[in-house]
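If you're wondering where the values come from, they're calculated on a predicted model, not measured in any experiment.
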Amino acid sequence: GLPSACFARYVSLCPATSVPWGTGCNGSGGVNTLTTASLPWLGSTFDTVAAGLPQIAIGIAAFGFGTGSVPLSAVMPQGGQGCSLFVSPDLLLAHLVSAGTMSSSLPIPAAGQLLGLSLHHQVLPLELDATGAIVSFTSTNAITATIGGF
């Protein structure tokens with residue numbers, strides 16, 4: 001509470017944020033969850049971690065500018081009951097799931113016009129059997145992130 005010489009504090013006027021919403025559904029690995037590992041700042045990387053995923057799966061990281069609620073059973077017949085696509089699939093990235101978890105990263109360019117932009121993210125695991133056939137299609141909760149900058 002006192003002034004100090006040679007000391008400054010810099011605070012962003014547009015901070016990066018991340019807010020989870022929606023509910024992940026149950027899969028063979030448990031409840032699918034998505035959490036933020038690093039916030040989306042201009043010139044950095046927005047990192048997330050999905051957990052509770054099936055052991056043998058391909059994870060689809062969906063990033064979008066819009067939201068909705070589409071039952072996964074309407075997307076493909078293996079869609080789990082109560083599982084929904086919450087994010088408009090504007091960008092889809094495939095990752096291998098390892099030990100029931102998956103990390104995803106999205107580089108955020110240092111472009112001022114992105115400041116304050118809302119971006120939505122969700123992970124959709126495709127569970128595979130030993131032959132590589134899709135046996136289940138489930139989903140995590142979603143995250144709405146706001147791109148921040150200093």
Side-chain angles (χ1 to χ4, degrees), residues 11-150:
V11 179
S12 172
L13 297 177
C14 188
T17 62
S18 172
V19 179
W21 59 276
T23 303
C25 58
N26 288 321
S28 65
V31 177
N32 298 324
T33 59
L34 182 64
T35 57
T36 301
S38 68
L39 293 172
W41 293 97
L42 288 177
S44 71
T45 305
F46 174 44
D47 298 310
T48 60
V49 176
L53 307 181
Q55 294 295 312
I56 302 172
I58 296 172
I60 306 298
F63 294 91
F65 299 107
T67 62
S69 184
V70 177
L72 289 184
S73 58
V75 177
M76 65 187 332
Q78 296 91 339
Q81 186 172 4
C83 300
S84 297
L85 174 63
F86 295 125
V87 173
S88 62
D90 298 322
L91 174 64
L92 300 174
L93 303 172
H95 300 276
L96 290 177
V97 172
S98 175
T101 62
M102 182 191 100
S103 297
S104 59
S105 298
L106 183 68
I108 307 295
Q113 60 268 34
L114 298 177
L115 189 63
L117 181 72
S118 289
L119 180 66
H120 310 285
H121 175 45
Q122 183 179 24
V123 172
L124 308 160
L126 296 164
E127 184 174 3
L128 307 174
D129 66 12
T131 65
I134 298 171
V135 295
S136 177
F137 185 36
T138 56
S139 60
T140 66
N141 57 293
I143 291 175
T144 295
T146 302
I147 298 172
F150 282 98

Item to complete: Please examine the side chains of Leu39 and Phe46, heavy atoms only from C-beta on, and report whether any two atoms are closer than 4.5 Å.
Response: no
Fill in: For the student: nearest non-hydrogen atoms of Gly27 and Thr138, plus distance
CA-CG2, 4.2 Å
Worksheet item: Of Ile60, Leu53, Thr48, which is the lone residue that meets side chain to side chain contact (heavy atoms under 4.5 Å, CB included) with Met102?
Response: Leu53
Worksheet entry | N/O donor-acceptor pair under 3.5 Å between Thr140 side chain and Val123 backbone | yes
Worksheet, complete the sentence: Heavy-atom closest pair (His120 atom, Val87 atom, distance to 0.1 Å) is O-CG1, 3.6 Å
Worksheet item: Looking only at atom types and distance, does a side-chain atom of Asn141 sit under 3.5 Å from a main-chain N or O of Gly24, one as donor and one as acceptor?
Response: no
Worksheet item: Does the side chain of Ile147 come within less than 4.5 Å of Leu42's, by heavy atoms?
Response: yes
Item to complete: Assess the side chains of Asp47 and Thr45: does a donor N or O sit below 3.5 Å from an acceptor N or O?
Response: no
Practice prompt. Quick one: pull up CE in Met76 and OG in Ser136 and give me the separation to the nearest 0.5 Å.
Written response: 10.0 Å
Worksheet entry | Euclidean distance, Ile143 CD1 relative to Thr35 OG1, rounded to 0.5 Å | 6.5 Å
Worksheet item: Would you call the rings of His121 and Phe63 parallel, tilted or perpendicular if under 30° counts as parallel and over 60° as perpendicular?
Response: parallel
Practice prompt. Write down the atom of Phe65, the atom of Ser118, and the distance for their closest heavy-atom approach.
Written response: CD2-O, 4.0 Å
Worksheet item: Which atom pair, heavy atoms only, marks the closest approach of Gly100 to Gln55?
Response: N-NE2, 3.7 Å
Worksheet item: Does any non-hydrogen side-chain atom of Leu114 lie less than 4.5 Å from one of Pro109?
Response: yes
Worksheet item: Is there side-chain contact between Leu119 and Leu106, with at least one heavy-atom pair below 4.5 Å?
Response: yes
Response to the item:
Here the pair of heavy atoms bringing Ser103 nearest to Val49 is OG-CG2, 4.0 Å
Worksheet item: With a 4.5 Å limit on heavy-atom distance, are the side chains of Phe137 and Leu126 in contact?
Response: yes
Worksheet entry | Gln122 side chain vs Ser84 backbone, donor-acceptor pair below 3.5 Å | yes
Item to complete: Decide yes or no for Asn32 and Pro125: does some side-chain heavy atom of the first lie under 4.5 Å from some side-chain heavy atom of the second?
Response: yes
Practice prompt. Find the distance between CD (Glu127) and CD1 (Ile56) and round it off to the nearest 0.5 Å.
Written response: 8.0 Å
Worksheet item: For Ser18 and Pro20, which heavy atoms make the closest approach, and how far apart are they?
Response: O-CD, 4.0 Å
Discussion item. Between Leu72 and Ser139, is the side chain to side chain contact (heavy atoms under 4.5 Å, CB included) condition met? List the steps.
Written reply: CA-CA 8 Å; Leu72 289 184; Ser139 60; 3.8 Å; yes
